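Input: a single structure, listed below in structure tokens.
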Protein chains: 2
Amino acid sequence: MTRLHSGNPLPEISDPVRAMLDSMAAWTGAPEDEAQCPVRDVLDRVGQKWTLLILVALEPSPKRFSQLQRQVGDISKRMLTQTLRQLERDGMVSRQVFPTKPPSVEYALTDLGRSALAPIGALLVWADSNHETIRASREAFDAEEVS
Amino acid sequence: MTRLHSGNPLPEISDPVRAMLDSMAAWTGAPEDEAQCPVRDVLDRVGQKWTLLILVALEPSPKRFSQLQRQVGDISKRMLTQTLRQLERDGMVSRQVFPTKPPSVEYALTDLGRSALAPIGALLVWADSNHETIRASREAFDAEEVS
DNA sequence: CAGCATCCCGATGGATACTG
DNA sequence: CAGTATCCATCGGGATGCTG
């Protein structure tokens with residue numbers, strides 16, 4: 001999927017980002033929160049297997065439960081429900097029930113959810129741009145591990 | 001940690017990012033790769049508990065094994081080794097052994113690793129800016145779940 | 001100092017079956 | 001259609017102990 005890579009930009013770190021990084025680095029391993037750390041649970045979400053796919057699937061337009069399931073692919077109803085609940089709880093996705101018969105439910109991105117796609121998307125673009133480099137690096141690494 | 005939030009920017013989605021998103025959404029659930037998907041394993045890395053902390057810790061300057069362990073906090077040697085190996089394999093971190101006695105090893109960000117911190121940092125800034133909103137949303141959600 | 005090997009537990013998440 | 005409930009396999013990752 002997603003063959004958009006058009007070279008390796010290797011973007012530089014902007015000032016606000018650097019400020020953020022420095023403040024994290026300065027924090028120097030205080031184990032205090034780390035579970036409470038707001039950054040952590042956002043990052044965890046992003047890393048969770050299905051979160052990203054669902055956000056991306058909802059970006060063009062709101063969708064219903066089974067539409068989502070078909071679009072995302074082989075996600076189980078269990079995981080789809082669970083992930084949607086989390087996103088709803090975080091205020092990234094809205095859930096609207098239509099009392100038709102049988103009932104239908106529509107999920108949509110909130111403003112917050114849409115705004116999250118900007119930095120997440122940037123990360124995706126980075127990943128797409130550099131995955132060839134990464135793949136090559138892995139092959140080289142694995143090759144000399146055999147020795 | 002990291003109390004830099006100065007309001008909620010709610011950034012908009014830029015054109016290249018939108019192109020990326022669309023190409024993902026258009027992909028419409030082909031389960032073909034998904035394990036091979038380059039985007040997936042990059043995202044997985046970011047989500048892994050220690051990857052981010054290590055990258056951030058290495059950004060200001062290269063560091064040695066035990067320096068890293070102290071700075072990151074309560075990471076075990078096992079996990080530190082494992083995470084560093086992955087990052088080295090991906091070409092994000094370089095590893096240089098100095099044949100002193102006892103031996104010392106220095107880890108440093110590569111250009112690739114540093115470049116990754118730009119989009120990752122942007123995501124961190126977003127998380128930091130919006131975690132109050134998210135927290136509030138969660139409380140509201142949990143409150144009416146009780147009913 | 002900088003690891004590797006082993007044991008082990010809890011969480012993640014898939015498969016399946018049932019319901020309003 | 002849009003879930004919920006249950007069971008179960010896998011795996012991340014912590015603790016501990018041993019090396020060059």
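Hydrogens, waters and symmetry mates play no part in the numbers below; they use all other heavy atoms, side chains included. Throughout, a chain's letter reflects where its sequence line sits, starting with A, and its residues are numbered from 1. Please read these numbers as outputs of a predicted model, since none were measured by experiment.
- Per the geometry, CD belonging to B:Gln69 stands 11 Å off C1' belonging to C:dC1, to the nearest Å.
- The line from CG of B:Leu80 to CH2 of B:Trp50 is 9.5 Å long, rounded to the nearest 0.5 Å.
- Of the listed residues (B:Leu109, B:Thr83, B:Thr110), just one forms a side-chain contact (heavy atoms from CB on, under 4.5 Å) with B:Val93, and that residue is B:Leu109.
- The nearest whole Å value for the distance from the CD atom in B:Gln96 to the P atom in C:dA2 is 13 Å.
- Within the 3.5 Å criterion, the main-chain N or O of B:Thr133 finds no donor-acceptor partner in the side chain of B:Ser137.
- Distance from the side chain of B:Arg95 is smallest for C:dA2 among the nucleotides C:dG14, D:dC1, C:dA2.
- A:Gln67 has its CD atom 13 Å from the P atom of D:dG3, to the nearest Å.
- Atom CZ in A:Phe98 sits roughly 11 Å away from atom P in D:dA2 (whole-Å rounding).
- Put simply, NZ on A:Lys63 is 18 Å from C1' on D:dA2, counting in whole angstrom units.
- The residue among A:Pro102 and B:Gln82 whose nearest nucleotide of DNA chain D is located toward the 5' end is A:Pro102.
- Backbone-only contact: A:Tyr107 has heavy atoms under 4.0 Å from sugar-phosphate atoms and none from a base.
- When each of B:Asp44, B:Leu87, B:Asp90 is checked for a side-chain contact (heavy atoms from CB on, under 4.5 Å) with B:Thr51, only B:Leu87 meets the rule.
- Following rounding to the nearest Å, A:Leu68 (CG) and D:dA2 (P) show an atom-to-atom distance of 9 Å.
- When each of B:Arg138, B:His131, B:Arg135 is paired with A:Asp41, the side-chain contact (heavy atoms from CB on, under 4.5 Å) condition holds for B:Arg138 and for no other.
- At least one side-chain nitrogen or oxygen of A:Arg85 sits closer than 4.0 Å to the OP1 or OP2 atom of D:dT4.
- Here the side chain of B:Arg78 is nearest to one of C:dA17, C:dG13, D:dG14, namely D:dG14.
- Between the P atom of D:dA5 and the CE atom of A:Met79 lies a distance of 14 Å, rounded to the nearest Å.
- Per the geometry, CG belonging to B:Asp74 stands 14 Å off P belonging to D:dT16, to the nearest Å.
- Closest approach to the B:Trp50 side chain among D:dG3, D:dG14, C:dG14 is made by D:dG14 (side chain taken as heavy atoms from C-beta onward).
- Nearest-nucleotide assignment on DNA chain C puts the 5′-proximal partner with A:Gln48, out of A:Lys77 and A:Gln48.
- Taking 4.0 angstrom as the limit, B:Ser66 places a side-chain polar atom (N or O) nearer than this to OP1 or OP2 of C:dA2.
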